[in-house]
There are 2 protein chains.
Amino acid sequence: MERIERIREFGGWLDRYTHDSYTCNCRMTFSVYLPPQAEAGPVPAMYYLSGLTCTDDNVRVKAGAQRYAAELGLALIMPDTSPRGEDVPDAPERYDLGQGAGFYVNAVQEPWSANYRMFDYVNEELPALVERKLPLLPGRRSITGHSMGGHGALISALKHPGMYSSVSAFSPICNPVNCGWGHGCFGAYLGEDREAWKAWDATELILAGAAPIPLLIDQGADDEFLADGQLLPEAMQQACDAKGFPLTLRMQPGYDHSYHFIATFIGEHLAYHARALADA
Amino acid sequence: MERIERIREFGGWLDRYTHDSYTCNCRMTFSVYLPPQAEAGPVPAMYYLSGLTCTDDNVRVKAGAQRYAAELGLALIMPDTSPRGEDVPDAPERYDLGQGAGFYVNAVQEPWSANYRMFDYVNEELPALVERKLPLLPGRRSITGHSMGGHGALISALKHPGMYSSVSAFSPICNPVNCGWGHGCFGAYLGEDREAWKAWDATELILAGAAPIPLLIDQGADDEFLADGQLLPEAMQQACDAKGFPLTLRMQPGYDHSYHFIATFIGEHLAYHARALADA
């Protein structure tokens, strides 16, 4: 992997890397924040998965997470939201499919399946790479994300028991098999067999008996996509209630879907993950 | 003034307004963050002046200032960097002149003089407007800014003794009469009489005997524009040494000119201003 940018921030380093991904079959970009504590020895890693239309840059500019990471001694690992490049299939007329909209699944349908394997990229290739190359404690990981990335964080933790010490999400797409965004992407990437979609849906995974893991979700009560039926936290709550799954779902009055909402609560999320990682 | 956007953040409100400016003779946009404390009564105001190419949006998205403002009970007032609109003169081929580059002076040269009066806008029209319309303590103001906006903050405080309780700046253009950015803008806005430029230059104002005010400057030691001779904090330091002016200039090793630098230190700046405002 090649470091293409290095910026000093909160006493640590905000770095950007590119590398040839064998999972996505293209050049991939990601960012890492190393807190000051990483100068003295390896630190735990907090993965942040971004939402539709984002790259690795949005969260590092807008969320204010680096301050808390520097206080808590956590590295932030910030992947892109899809494969990229001229040779990678895209749907340029749509913001919710193709480049910028990988949905953190492994596509099986043409033309997407050669590159759109973000689930394995985020959960296998990227952790192995950064734990080999950077001052990270092997296997000490937690994961969070926003919207499409909240969905990605949830299914990553639910499908890989033991891989993450804790999981949280901001306004996640909780039940994609039952919303427009999910229908559009899952149909394209996974095909028309809707039973097969359930393996990539956090609510369905919990209903199917996924192993418990500490799960924190913050949702803005005035989120326009909540009102539009894209996020469906009530379905997640019902599934957790039915299965006795330990969910903390906080509806935050007045908050919307933006990074201003994330900035407000990301300090609490990182503190929550730091506690879980310290106990791991 | 008309509120065109309202976003919940850190328990307060991030609002955006537009209004017809009699100073700039165009519709102007600005943002305000009201901390939770403003629900109970009026609060002091912290003005933040942005740098070249910015609007009111950059700082509110990138600086992480709202968290500290909410903790400290400060309102943030975030003006645009120039007049705007199709009827406003521009130099579209240049990022450092015209729209986005008002330089916080009152232009006297055609075609700029009808609109480019950002000094009076920031120091007269805008404070009078927001103190009349919003829950702000009249006359309780401090000011900061970045780069071109750091220059703006410095000259605002130096030319208006008593108006601001304290002033600070991030990587300010300290001595525009002696740098390329200043030559380009001052020549266009103020004309070719270089003696007249000195009334809009912080270093020259201090040399001319400006009244002391607490002054904090943070400057990244690895800032590309510092190396390029655009910022000249050493000239400011020499002027302050010569006149006994109370300057705290901190060179921050490894930091660049970006908002990642601002985010790192803005908490200390807001705490510094909050102390000065509490003593005011």
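Order of the sequence lines fixes the chain letters, A, B, ..., with proteins taken first and strands second; residue numbering starts at 1 for each chain.
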**Study point:** Residues which pass salt bridge (Lys or Arg N to Asp or Glu O under 4.0 Å) with B/E93, listed by chain and number, not counting sequence neighbours
**Key:** none
Revision key, fill the gap. Under a 4.5 Å heavy-atom criterion, the part of residues 221-235 of chain B in contact with chain A comprises none
Check your understanding: Quick one: of A/R6, A/R67, A/K62, who has the most non-hydrogen atom pairs under 4.5 Å with chain B?
Key -> A/R67
Exercise for review: Identify which one of A/I262, A/T264, A/D256 satisfies the side chain to side chain contact (heavy atoms under 4.5 Å, CB included) criterion when paired with B/E9.
Suggested key: A/T264
Point to revise | Side-chain heavy atoms of A/V61 within contact of B/H260, under 4.5 Å | key: yes
Revision key, fill the gap. Most heavy-atom pairs under 4.5 Å with chain B, out of A/Q252, A/Q66, A/R8, belong to A/R8
Point to revise | Shortest non-hydrogen contact from B/F10 toward A/Y255 | key: N-OH, 3.4 Å
